[in-house]
Every structure is written in structure tokens, then in C-alpha cells.
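We count ligands from 1, going down the list as the structure has it; atoms in each ligand are counted the same way. Everything numeric in this text was worked out from a predicted model, so none of it was measured.
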Amino acid sequence: MSDTSKTATLTIGDSSYELPIYTPTAGPDVIDIRKLYSQAGVFTYDPGFTSTAACDSTITFIDGDKGELLHRGYPIDQLAEKSHYLEVCFLLLYGYLPKASELEQFERTITQHTMIHEQMHNFFRGFRRDAHPMATMVGVVGAMSAFYHDSTDINNPLEREIASHRLIAKMPTIAAMAYKYSIGQPFVYPRNDLDYAANFLHMCFAVPAEQYQVDPILARAMDRIFTLHADHEQNASTSTVRLASSSGANPFACIAAGIACLWGPAHGGANQACLEMLKEIGTPDRIPEYIARAKDKNDPFRLMGFGHRVYKNFDPRATVMKQSADEVLELMGVENNPILATAKELEQAALADPYFAEKKLFPNVDFYSGIILEAMGFPTSMFTPVFALSRTVGWISQWKEQLADPQMKIGRPRQLYQGETMRDYVDIEKR
Ligand code: CMC
């Protein structure tokens with residue numbers, strides 16, 4: 001951290017406290033309150049961390065007002081257009097764009113780690129067939145710590161490296177197996193002659209009874225979905241991974257924690273929730289009813305796929321995803337799909353409504369990703385697993401960065417206690 005020449009003065013009663021201010025390479029200044037409690041005896045209060053920086057990071061930067069998302073400085077639209085997922089994984093993990101030989105080596109390493117321990121198949125078979133694939137993934141990824149003992153020592157850089165590669169490589173296999181199990185089809189083993197995205201499509205849609213050819217346009221669209229979800233700064237699931245890791249937990253357990261957090265409908269579960277909402281709306285004539293419900297303070301309903309904590313003008317991932325949606329729908333011959341028609345009209349109706357404009361609510365990445373995934377043939381329950389496998393590299397890059405940070409401490413937030421103060425126990429007959 002640099003630049004402590006600026007300070008902020010906090011006055012409480014008759015006492016004043018000087019707090020250092022740090023200037024980042026991009027984004028707003030940050031006030032260092034680490035010594036506040038020891039000096040002034042007060043905590044700060046920030047539920048939801050709306051104004052709190054919890055760590056230093058050099059991986060991803062978001063400017064929510066400009067709608068800018070940079071990985072190691074490179075804009076997401078350029079990466080989505082010119083790069084591909086495994087190159088972006090390298091960039092996030094190691095901080096620079098690889099030379100051709102480095103990329104080739106990295107791709108080979110990932111490809112050679114895609115199979116999972118054969119005994120792990122029994123884990124899948126322990127779940128009910130109707131289990132949500134995210135539930136299966138939380139369990140199976142956590143169970144990896146029981147299978148890969150040579151990559152759980154977080155103090156050993158080589159083991160950290162192996163754990164990173166294993167997670168990136170095996171997550172598509174695990175997600176595809178969770179899907180196959182849920183529909184009662186045999187597991188399809190990974191194929192090393194296919195690239196990362198094509199291999200995932202193959203593991204999801206191939207069956208032993210007949211040949212399955214991966215369409216290169218679909219593989220490219222899949223790869224783009226992975227790329228657009230690869231990392232997103234200190235969001236809820238990434239912060240969960242960092243918090244779990246701050247106690248020294250092993251990498252597989254930390255990533256399982258991240259998957260659990262991602263599942264919620266306010267986060268990664270929004271892509272499933274959004275498509276289910278579009279199906280529930282059904283036809284464009286019912287849109288005004290749902291817009292009215294989203295605006296009604298007494299109704300918990302929200303327009304899924306709309307709004308973002310950080311983006312307040314547009315989500316740059318949504319712009320690319322929308323283009324991709326057009327390509328895939330044309331290829332699949334479903335441009336006239338009623339869900340798509342509803343989605344397009346809903347988007348227009350919400351953008352034209354003063355409520356959404358005033359609150360700066362725009363379609364986010366999840367508004368379009370579900371439409372593409374449905375057109376590809378994925379059931380809604382697989383949308384969030386696709387997000388989880390894409391985000392694994394972000395979680396693991398942030399985990400690696402955190403472990404190398406000399407300032408790392410166990411995460412331990414404080415609270416504003418509003419409960420009873422000390423009182424004497426009352427015997428049961430006197431209550
Ligand atoms: N529909 C209707 N009203 C909304 C919506 C929405 N989708 N999102 C926010 N608002 C309103 C909210 O009621 C609040 O109004 P008021 O100021 O009158 O109380 C105001 O906008 C601000 O909302 P907030 O909940 O304080 O904002 P937040 O930053 O805490 O929440 C969010 C961000 C993404 C959780 C929220 O916009 C939301 O629930 N969206 C729907 C779920 C969704 O699409 N999530 C995916 C996010 S992108 C993928 C990812 O990162 O996981």
C-alpha cells in the first residue's frame with residue numbers, strides 16, 4: 001500500500017483521530033480504519049459491505065459508473081472477442097497474457113487433470129436423482145479434499161498450484177456428471193482432443209449410443225459464457241472463499257463454500273430465477289403486471305436479471321452476452337421463441353420505466369445467459385453450475401493472491417449488538 005500522505009479526520013466528541021488514506025491505481029480512495037477500535041474504541045457499521053474494502057487486490061477492477069470490467073487491466077469486451085477462456089484463466093492466475101509456449105503448456109496441464117478419481121463416482125450415486133446439481137457440486141467439490149491429499153497443504157506453493165489446476169480442470173467434469181446423474185444417463189468421460197468448452201458440451205450432451213458432434217459455434221458461445229463469468233472482483237461468493245480461506249481451510253473446502261454462496265438467487269442463482277420468471281410471465285401482455293409487482297414495496301418480487309450492486313449504467317458482460325444470444329438463437333433456429341420475445345419486451349418496458357431508470361437498474365449478465373443456455377439445451381437447474389465452473393478460476397486466483405498477502409488475517413467482522421444485556425437464568429417452573 002502506498003500514499004499515506006493524505007489523511008481523514010474523524011471527530012468523536014472532543015477527540016479527533018487521523019486516519020490514513022490510500023490511493024489505488026484505479027477507483028476511489030480508501031480510508032484505513034484498522035487502528036480505529038484500538039485508538040477510539042468504536043467500530044464502523046456497514047452491513048453488506050457497501051463501502052468497505054476488505055483486501056488489496058491486483059486481479060480485477062470494476063468501474064460501475066462507466067460499466068467497465070478489467071481483468072489485470074484488459075477490458076472484458078476485448079477478452080471476450082479476442083481471447084478465450086483458458087487464456088483468461090492464465091491471465092487471472094498469473095497476472096499476464098501468456099506467450100504461445102506458456103499457453104500451450106497451461107492448456108496441456110489443464111487437459112491432463114480433467115478426469116476425477118474413479119471412486120468419486122460413488123459420491124454422485126449417494127445423491128437423490130432429483131437433487132439440484134448445485135447441491136451435488138457443493139458436496140462433491142468439498143469431497144475433493146478427501147481424495148487429493150497431495151494438494152491441500154496451503155503453505156506449500158507447489159500444492160497450491162496443483163490444487164488450482166485440478167479445480168479449473170475438474171469443475172466441468174463435476175458439473176457435467178451432476179447433470180448426467182440428474183437425468184439418469186451414464187457419465188461421459190472427458191476427451192483430451194476437445195478444447196475446454198467443447199469437452200464440457202460433449203460431457204453434457206453425448207450418450208454412448210450415438211456420436212455427438214460439438215457445433216463450433218456453440219462451443220465458441222459456451223467459451224464466451226465461461227469467459228464473461230471468470231472473475232468479478234470481491235463479490236459475495238469470492239468474499240466467501242476469501243473468508244473461508246482466512247482460517248487456513250483447504251482449497252477444495254473454500255471453493256465448496258464459494259459454490260454454496262453463488263447458488264443464491266441474488267447472486268449466481270439469478271440466471272435460473274430469471275428464466276423461470278420469463279416462463280412464468282409467459283407472454284408479453286403480462287409484462288405490465290410483473291413490472292408493477294417489481295415496483296411494489298409490499299411485494300418481495302424483483303425482476304430477476306435486473307440491477308447490480310456495482311454497475312449503475314450497464315453491465316459490460318450483458319452487452320457481449322446479448323450479441324452471443326442472437327448468434328446462438330439464430331443457429332438453433334429459435335429466434336421466434338416466445339421466451340425470447342417476452343425477454344426483449346420486458347427489457348424495453350423496464351428500461352422505459354422511470355422506477356428502473358431512477359434506481360439505475362439495468363439488465364445484468366444473468367438476463368441473457370439463461371436464454372443462451374436454454375437454447376443450447378441445458379435445463380434451468382444447470383445454469384448456476386455453469387456459472388460456478390466459470391467462476392472457479394476467479395475464486396482460485398483470489399485465494400492464491402490472499403495466501404501470498406503478508407497482511408492476511410483471519411476474517412472476523414464486528415457487530416452492532418441489539419440484544420438483551422446480561423440477565424439471570426430463570427428456573428423452568430418460574431417462567
Ligand atoms: N427489481 C426491482 N427492484 C429492484 C431490483 C430488481 N431486480 N434490484 C434492486 N431493486 C430496487 C430495490 O428494491 C431498492 O429499492 P429502494 O431503494 O426503494 O429500497 C433499490 O433498487 C436498490 O436495491 P438494493 O437491493 O439495495 O441493491 P443491492 O446493491 O443490495 O442489490 C442486487 C443488488 C443484484 C442483489 C439486486 O439488484 C437484485 O436483487 N437483482 C435481482 C437478482 C439478480 O439479477 N442478481 C444477479 C446479479 S449479477 C450476477 C452476479 O453477480 O451474481
- prompt: Who are the salt bridge (Lys or Arg N to Asp or Glu O under 4.0 Å) partners of Glu87, not counting sequence neighbours?
  reply: none

Please tabulate, one line per pair, the protein nitrogen or oxygen atoms found under 3.5 angstrom from a nitrogen or oxygen of ligand 1, with distances to 0.1 Å, or say none if there are no such pairs.
residue  : atom   : partner : partner atom : Å
ligand 1 : 1 (N)  : Leu303  : N            : 3.1
ligand 1 : 3 (N)  : Tyr355  : OH           : 3.1
ligand 1 : 7 (N)  : Leu303  : O            : 2.7
ligand 1 : 7 (N)  : Phe306  : O            : 3.0
ligand 1 : 13 (O) : Arg302  : NH2          : 3.3
ligand 1 : 18 (O) : Lys297  : NZ           : 3.0
ligand 1 : 18 (O) : Lys359  : NZ           : 2.8
ligand 1 : 25 (O) : Arg302  : NH1          : 3.0
ligand 1 : 25 (O) : Arg302  : NH2          : 2.9
ligand 1 : 29 (O) : Arg309  : NE           : 2.7
ligand 1 : 30 (O) : Arg309  : NH2          : 3.0
ligand 1 : 39 (O) : Arg302  : NH1          : 2.9
ligand 1 : 40 (N) : Phe306  : O            : 2.9
ligand 1 : 44 (O) : Gly305  : N            : 2.8
ligand 1 : 44 (O) : Asn364  : ND2          : 3.0
ligand 1 : 45 (N) : Ala266  : O            : 3.1
ligand 1 : 52 (O) : His267  : O            : 3.3
ligand 1 : 52 (O) : His267  : ND1          : 2.6

Qualifying residues under salt bridge (Lys or Arg N to Asp or Glu O under 4.0 Å), relative to Glu420, sequence neighbours excluded: Arg423

task: May I have the step-by-step check of salt bridge (Lys or Arg N to Asp or Glu O under 4.0 Å) for Arg242 and Glu401, ending in yes or no?
output: CA-CA 10 Å; Arg242 279 185 178 261; Glu401 180 180 71; 2.8 Å; yes

message: Between Asp296 and Arg293, does any side-chain N to carboxylate O distance fall below 4.0 Å?
response: no

- prompt: Mind checking what makes salt bridge (Lys or Arg N to Asp or Glu O under 4.0 Å) contact with Asp315, not counting sequence neighbours?
  reply: Arg317

- line: For Ala375 and Val328 the tightest heavy-atom approach is CB-CG1, 4.1 Å

